[in-house]
Number of protein chains: 2
Amino acid sequence: MEHRIDQIKKQLHAQSYKLTPQREATVRVLLEREEDHLSAEDIYLLVKEKAPEIGLATVYRTLELLSELKIVDKINFGDGVSRYDLRKEGAEHFHHHLVCIECGSVEEIEEDLLGDVEKIVQRDWGFQVKDHRLTFHGICKQCQEGSVQLKK
Amino acid sequence: MEHRIDQIKKQLHAQSYKLTPQREATVRVLLEREEDHLSAEDIYLLVKEKAPEIGLATVYRTLELLSELKIVDKINFGDGVSRYDLRKEGAEHFHHHLVCIECGSVEEIEEDLLGDVEKIVQRDWGFQVKDHRLTFHGICKQCQEGSVQLKK
DNA sequence: ACTTAAACTATAATAATTATAAATATAAAA
DNA sequence: TTTTATATTTATAATTATTATAGTTTAAGT
């Protein structure tokens with residue numbers, strides 16, 4: 001964890017940004033909840049536990065900054081809010097998501113499934129791909145097996 | 001065009017919804033601007049030209065309804081607004097998008113590029129895919145060629 | 001220590017979307 | 001056709017997410 005923090009600190013410094021205590025607290029929350037897909041509000045509430053004096057706007061600004069530096073990715077699953085997802089260490093491409101329409105769970109796929117597709121897009125459409133967003137909507141393993149509904 | 005309207009009318013009736021004049025006006029705007037990716041506000045303004053008495057909330061409700069019936073798809077390119085995109089006639093799957101980070105243009109890809117990928121997801125993750133969202137971000141042909149910037 | 005710029009808090013403002021109440025239109029039943 | 005019930009709409013208020021602003025604090029460089 002400290003290693004990742006250091007790494008991010010360097011990334012910030014490289015662009016002459018500082019890792020302020022507020023930014024660090026925010027990054028720590030993101031690291032601790034790496035599996036989740038938290039909204040700005042969620043993150044704000046969690047950061048507040050560590051650093052109660054932090055303001056919501058600071059969290060937004062921090063997330064915006066981390067987004068620009070490609071440290072986190074801002075994603076949107078169609079519910080009104082943006083969610084923030086830490087890029088995996090050294091990940092070249094952004095990972096994909098499987099969103100279950102039954103229970104709402106979100107699973108991540110690290111594998112690069114789009115290599116071939118990107119080549120086709122490049123070749124047939126002349127489009128130079130820089131980044132991608134791929135989300136599948138469907139029914140997760142758990143929901144298929146049990147008809148146990150976890151719906152809230 | 002009338003054919004598509006009729007078709008949509010039937011889809012609505014099948015679920016015992018009516019094609020009210022307001023809904024029809026909205027659908028007509030979507031058909032006329034099929035290539036575009038309009039926001040609710042955009043659509044509202046265009047519908048107002050045909051039916052000045054329509055309210056914004058009605059447009060939202062109509063789009064919500066059309067979304068549920070899979071007649072349109074609600075998409076989000078990361079700017080704050082939702083955009084609404086008519087499904088192509090008889091299209092089995094939702095089309096993909098190429099968003100240019102230089103000029104902001106959005107191109108559509110009709111081809112199904114994800115057939116293989118979906119099989120892999122199904123097999124290796126046990127996830128039953130119902131729908132997908134795929135967007136590539138990068139530089140479009142035009143922006144690559146000329147360094148003519150269309151940035152606003 | 002002094003100066004400057006970046007970053008912060010608190011709060012107000014904005015923008016997108018959703019909810020509500022009253023009115024209207026539509027379809028079904030009598 | 002009249003009545004009744006239901007769906008839909010308008011107009012507007014409320015909500016929610018996000019961004020901007022003003023004044024204050026912090027930190028880095030001299």
Side-chain angles (χ1 to χ4, degrees), chain A residues 8-29 37-69 71-85, chain B residues 8-29 37-69 71-85:
Chain A
I8 288 168
K9 192 172 185 172
K10 276 178 202 142
Q11 286 180 265
L12 285 167
H13 285 166
Q15 314 274 332
S16 56
Y17 292 112
K18 313 169 197 169
L19 184 64
T20 63
Q22 292 88 341
R23 287 176 183 168
E24 180 169 338
T26 305
V27 169
R28 281 184 188 279
V29 164
H37 300 84
L38 303 171
S39 68
E41 186 79 27
D42 295 338
I43 294 166
Y44 169 65
L45 293 173
L46 289 165
V47 173
K48 252 181 127 51
E49 293 174 9
K50 295 178 194 294
E53 73 293 349
I54 201 169
L56 177 56
T58 300
V59 172
Y60 270 102
R61 267 190 309 263
T62 300
L63 292 170
E64 182 64 27
L65 176 62
L66 294 174
S67 267
E68 271 168 33
L69 299 185
I71 294 167
V72 306
D73 279 290
K74 191 173 174 181
I75 48 175
N76 194 301
F77 293 135
D79 55 348
V81 298
S82 294
R83 297 177 178 280
Y84 298 85
D85 205 355
Chain B
I8 288 167
K9 192 172 186 176
K10 276 178 199 142
Q11 286 179 267
L12 285 166
H13 284 168
Q15 313 276 332
S16 55
Y17 291 112
K18 312 168 197 169
L19 184 64
T20 64
Q22 292 88 341
R23 286 176 184 166
E24 181 170 337
T26 306
V27 169
R28 282 185 189 276
V29 164
H37 300 84
L38 303 170
S39 68
E41 186 78 27
D42 295 337
I43 295 166
Y44 168 64
L45 292 173
L46 290 166
V47 173
K48 253 183 125 54
E49 293 175 10
K50 294 178 195 292
E53 74 294 347
I54 201 169
L56 177 56
T58 300
V59 172
Y60 270 103
R61 267 190 311 260
T62 300
L63 293 170
E64 181 64 28
L65 177 61
L66 294 174
S67 267
E68 271 169 33
L69 300 185
I71 294 167
V72 306
D73 278 290
K74 191 174 174 180
I75 49 176
N76 195 301
F77 292 134
D79 55 346
V81 298
S82 295
R83 298 178 178 279
Y84 297 86
D85 206 354

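Sequence lines set the chain letters: A, B, ... in the order given, protein chains first and strands last, and positions in each chain run from 1.
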Please classify the nucleic acid contact of [X] as base, sugar-phosphate, or nothing, using heavy-atom distances under 4.0 Å.
X	value
B:Arg23	sugar-phosphate
A:Glu41	nothing
B:Ser82	sugar-phosphate

Taking atom [atom2] of [N] as reference, at what distance in whole Å does atom [atom1] of [X] sit?
X	N	atom1	atom2	answer
A:Arg61	D:dA22	CZ	P	14 Å
B:Asn76	C:dT17	CG	P	9 Å
A:Gln22	D:dT24	CD	C1'	13 Å
B:Leu63	C:dT18	CG	P	10 Å
B:Ile43	C:dA16	CD1	P	13 Å
A:Leu65	D:dT18	CG	P	17 Å
B:Ile54	D:dT8	CD1	P	14 Å
A:His13	C:dA6	NE2	P	14 Å

**OP:** Indicate whether OP1 or OP2 belonging to C:dT26 is found under 4.0 Å from a side-chain N or O atom of B:Thr20.
**Re:**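 Answer is no, no contact under 4.0 Å.
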Original post:
Hey, is the side chain of A:Thr58 poking within less than 4.0 Å of OP1 or OP2 on C:dT9, counting only N and O atoms?
Top reply: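 For A:Thr58, the contact criterion (side-chain N or O under 4.0 Å from OP1 or OP2 of C:dT9) is met.
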Ignoring the backbone of [X], work out which of [options] is nearest its side chain.
X	options	value
B:Val81	C:dA7, C:dT9, C:dA16	C:dA16
B:Ala57	D:dT8, C:dA19, D:dA28	C:dA19
A:Leu56	D:dT9, C:dC8, D:dT18	D:dT18
A:Tyr60	D:dA7, D:dA17, C:dA19	D:dA17

Subject >> From CA spacing to verdict: side chain to side chain contact (heavy atoms under 4.5 Å, CB included), B:Leu12, B:Leu65 >> reply: CA-CA 9 Å; B:Leu12 285 166; B:Leu65 177 61; 3.9 Å; yes
Subject >> Heavy-atom side-chain contact between B:Arg28 and B:Glu24 under 4.5 Å >> reply: yes
Original post:
When you check the side-chain N and O atoms of B:Thr26 and B:Arg23, is any donor under 3.5 Å from an acceptor?
Top reply: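 The answer is no; no qualifying pair exists.
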**OP:** For A:Lys74 and for B:Gly55, find the nucleotide of DNA chain D with the closest heavy atom, then tell me which residue's nucleotide is more 5'.
**Re:**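 Upstream on the strand: B:Gly55.
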Original post:
side chain to side chain contact (heavy atoms under 4.5 Å, CB included) with B:Ile71: which of B:Leu63, B:Val27, B:Leu66?
Top reply: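 Result: among B:Leu63, B:Val27, B:Leu66, B:Leu66 is the only option passing the side chain to side chain contact (heavy atoms under 4.5 Å, CB included) with B:Ile71.
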**OP:** From the options A:Lys48, A:Lys50, A:Glu49, select the one residue that forms a side chain to side chain contact (heavy atoms under 4.5 Å, CB included) with A:Leu46.
**Re:** A:Glu49
Original post:
Taking for each residue the nucleotide of DNA chain C with the nearest heavy atom, is it B:Lys18 or A:Glu53 whose nucleotide lies nearer the 5' end?
Top reply: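 Going by which nucleotide is closer to the 5' end, it is A:Glu53.
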